Amino acid sequence: MASNPKFCGICDQRHITKPSSDWCSRCNQALCTECKDFHALSRASQNHSTIAISNFLALDSSYSQLDEQCSVHDDVYVLFCQTHDCLLYLACLEDHIKCGDVVRISKLTKDVKTSASFVDTQKSLSDIILNLSKIQCHLEENICDIKKQKDSILQDIAQMREKINSHLDKIEHALKTELCNEVDNQCNNTFCKILEDIKRKQIDIEKFQRQMDDLACYGSDLQTFFSLRKITPRINSTDQYLQTLDDDASLNRVSISCKIDRQILGLVEEVASLGTIQVTQTPGQLILERSKDKQAQYVGMKKNSINDIKLKLVHTIKLTDSVTGCYFLPNGKFVLCDRSRNNYLKILHPHGELMFEISLSPSFAFDVTCIDDKTLAVSSAYFKQIHFINIDTKTIRSIHTKDVCYGITHKDGSLLCCIPGKEIRSYDIQNENSTTIVPCDLSSWSYV
């Protein structure tokens, strides 16, 4: 068969190029006028009907893809197995010999164009086309309405944004002013004065150190004696001054944070402030070297016994020695409070691979518990706070506690916390009210 239906397929096999005039669907072949006459006289094809090639070329492409013979075995389909719903050629009959409803295709195709099935199919197609048209109109109308709604909503958003911007500019200015004033107060009025004193005393001490070096090399015993009487009181006075700074908390590390106001609803009418500036003090990490009373101090922890617990090792995960809290999430992942890297909350895969981290610096994250699939509660031992963290959005909100909180756990909508020296306390998650559960003298680093 010629690959191009515009030319006769039979002539093409004889290496002759002649334009086709008709098409035989049974032979799936284009025919010229001469070959059409032989095709009509041949016993094998005399009952085949043909159509003009122009009509065939005008048909939809899906029609030309209908093949009446097997493309693999190159044999004409003559039978149909109703059990397996498949076309058969004669060689296939052996595989369907046990099927009781194999019929000739000619029997099924007789008067098929006037059959109820053909009419019903035509009616179904007409109905589907009508339905598709209706659905298309419906969707186009809906799209048009959505675009109009979009324009209206964008206008409402723009108007609301103008109101919010005006209000936010006002409270932003107030918060920045408060922040700058607090920073100036801490830096200029407190630390700068101490720094000036420290620099003056450092110059004096370095001067005395040079005098001592000179006396050691060139001074007489009498000069050394008199110099010591002058230098020693100044050294003692400076040492006492340094100790006073350490004792009166002048060297405490000052941190400034900002608690953003949580009242989002009614922002323009109700929220009077974007947040508040908080000044907190934590014990400084500076260790002063003193010539007297040096002691090595060790903090020990008594470990709970696990002798009565039967364990099965699943796998081992290596951690730092700065992990203070751990919790297994319902999905198998687990969370660590790790102070080794600026107080990070770490989310780990069940096999220990780090997935992501959430920084809680400068807050000291001690223990962690799970409220739901997305929300964690983290106790802050030094900042008198409990942080609520959404592990999907990485957002953090905090509530203030009256005392420092160490160990923490969640039960029935409440947080149970270890308050050192006082009690085990309950905090209601919704209204943040607190209740004493067990009065007891708990030590720091207590867990519940």
Side-chain angles (χ1 to χ4, degrees), residues 178-257 277-301 321-322 324 339-340 342-343 361-364 366 380-385 400-406 419-422 441-446:
E178 182 184 355
L179 173 62
C180 293
N181 291 339
E182 195 59 59
V183 170
D184 291 342
N185 180 56
Q186 292 295 323
C187 295
N188 298 333
N189 298 337
T190 303
F191 290 135
C192 287
K193 293 180 179 179
I194 297 176
L195 277 173
E196 290 176 359
D197 292 341
I198 291 295
K199 290 178 180 179
R200 287 196 298 268
K201 293 184 180 300
Q202 183 178 8
I203 293 173
D204 292 341
I205 293 300
E206 290 176 351
K207 178 181 177 181
F208 294 150
Q209 188 178 31
R210 290 193 298 269
Q211 290 180 5
M212 292 297 295
D213 292 340
D214 293 340
L215 288 172
C217 294
Y218 312 109
S220 64
D221 292 341
L222 183 60
Q223 288 176 322
T224 302
F225 175 76
F226 286 130
S227 296
L228 284 176
R229 287 178 56 82
K230 293 180 179 180
I231 294 175
T232 301
R234 299 291 295 276
I235 293 176
N236 292 336
S237 175
T238 302
D239 186 60
Q240 185 178 3
Y241 169 74
L242 295 178
Q243 185 58 42
T244 301
L245 290 179
D246 192 26
D247 294 339
D248 65 5
S250 296
L251 298 181
N252 279 0
R253 187 174 185 83
V254 174
S255 298
I256 295 181
S257 60
I277 301 300
Q278 296 177 330
V279 179
T280 56
Q281 293 189 359
T282 57
Q285 301 297 320
L286 179 64
I287 301 176
L288 299 178
E289 295 291 340
R290 291 184 294 173
S291 58
K292 300 179 181 179
D293 302 327
K294 285 189 176 181
Q295 296 184 23
Q297 299 182 359
Y298 300 92
V299 179
M301 292 178 58
D321 58 358
S322 300
T324 57
R339 294 183 299 150
S340 63
N342 298 325
N343 296 320
S361 181
S363 178
F364 169 46
F366 181 81
S380 177
Y382 292 159
F383 276 70
K384 299 181 181 180
Q385 291 178 329
H400 288 272
T401 59
K402 295 183 293 185
D403 301 279
V404 297
C405 175
Y406 280 85
I419 310 300
K422 291 187 177 182
D441 185 14
L442 293 174
S443 64
S444 299
W445 295 67
S446 295

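What you are looking at is a predicted structure, and each value in this text was computed from that prediction instead of being measured.
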Does some side-chain heavy atom of V404 sit less than 4.5 Å from a side-chain heavy atom of F366?
no
Of the non-hydrogen atoms in W445 and Y406, which two are nearest, and what is the gap between them?
N-CD2, 3.3 Å
To the nearest 0.5 Å, what is the distance between CD1 on I203 and CD1 on I198?
12.0 Å
Can you find a heavy atom in the side chain of I256 that is under 4.5 Å from one in the side chain of V183?
yes
Just jot down the side-chain contact (heavy atoms from CB on, under 4.5 Å) partners of Q202, sequence neighbours excluded, or say none.
E206
Nearest 0.5 Å please: distance from the CG atom of L215 over to the CD atom of Q211.
7.0 Å
Could you tabulate the donor-acceptor pairs under 3.5 Å formed by side-chain atoms of residues 223-230, not counting sequence neighbours?
{"from": "Q223", "atom 1": "OE1", "to": "S220", "atom 2": "N", "distance (Å)": "3.0"}
{"from": "Q223", "atom 1": "OE1", "to": "S220", "atom 2": "OG", "distance (Å)": "3.4"}
{"from": "T224", "atom 1": "OG1", "to": "S220", "atom 2": "O", "distance (Å)": "2.8"}
{"from": "S227", "atom 1": "OG", "to": "Q223", "atom 2": "O", "distance (Å)": "2.9"}

Trace of the side chain to side chain contact (heavy atoms under 4.5 Å, CB included) decision for I205 with T238:
CA-CA 8 Å; I205 293 300; T238 302; 3.8 Å; yes
Once you round to the nearest 0.5 Å, how far does CZ of R210 lie from CG of D213?
9.5 Å
So, D403 and K384, do they make that salt bridge, N to O below 4.0 Å?
no
Is the closest side-chain heavy-atom distance between T401 and Q385 below 4.5 Å?
no
Using the salt bridge (Lys or Arg N to Asp or Glu O under 4.0 Å) rule, collect all pairs that involve residues 188-202, keeping only residues at least two apart or in two chains.
D197-R200
Side-chain contact test, heavy atoms from C-beta onward, threshold under 4.5 Å: evaluate it for N181 versus E178 and give yes or no.
no
With distance as the sole test, does S446 use its side chain to make a donor-acceptor pair with the main-chain N or O of L442 at under 3.5 Å?
no
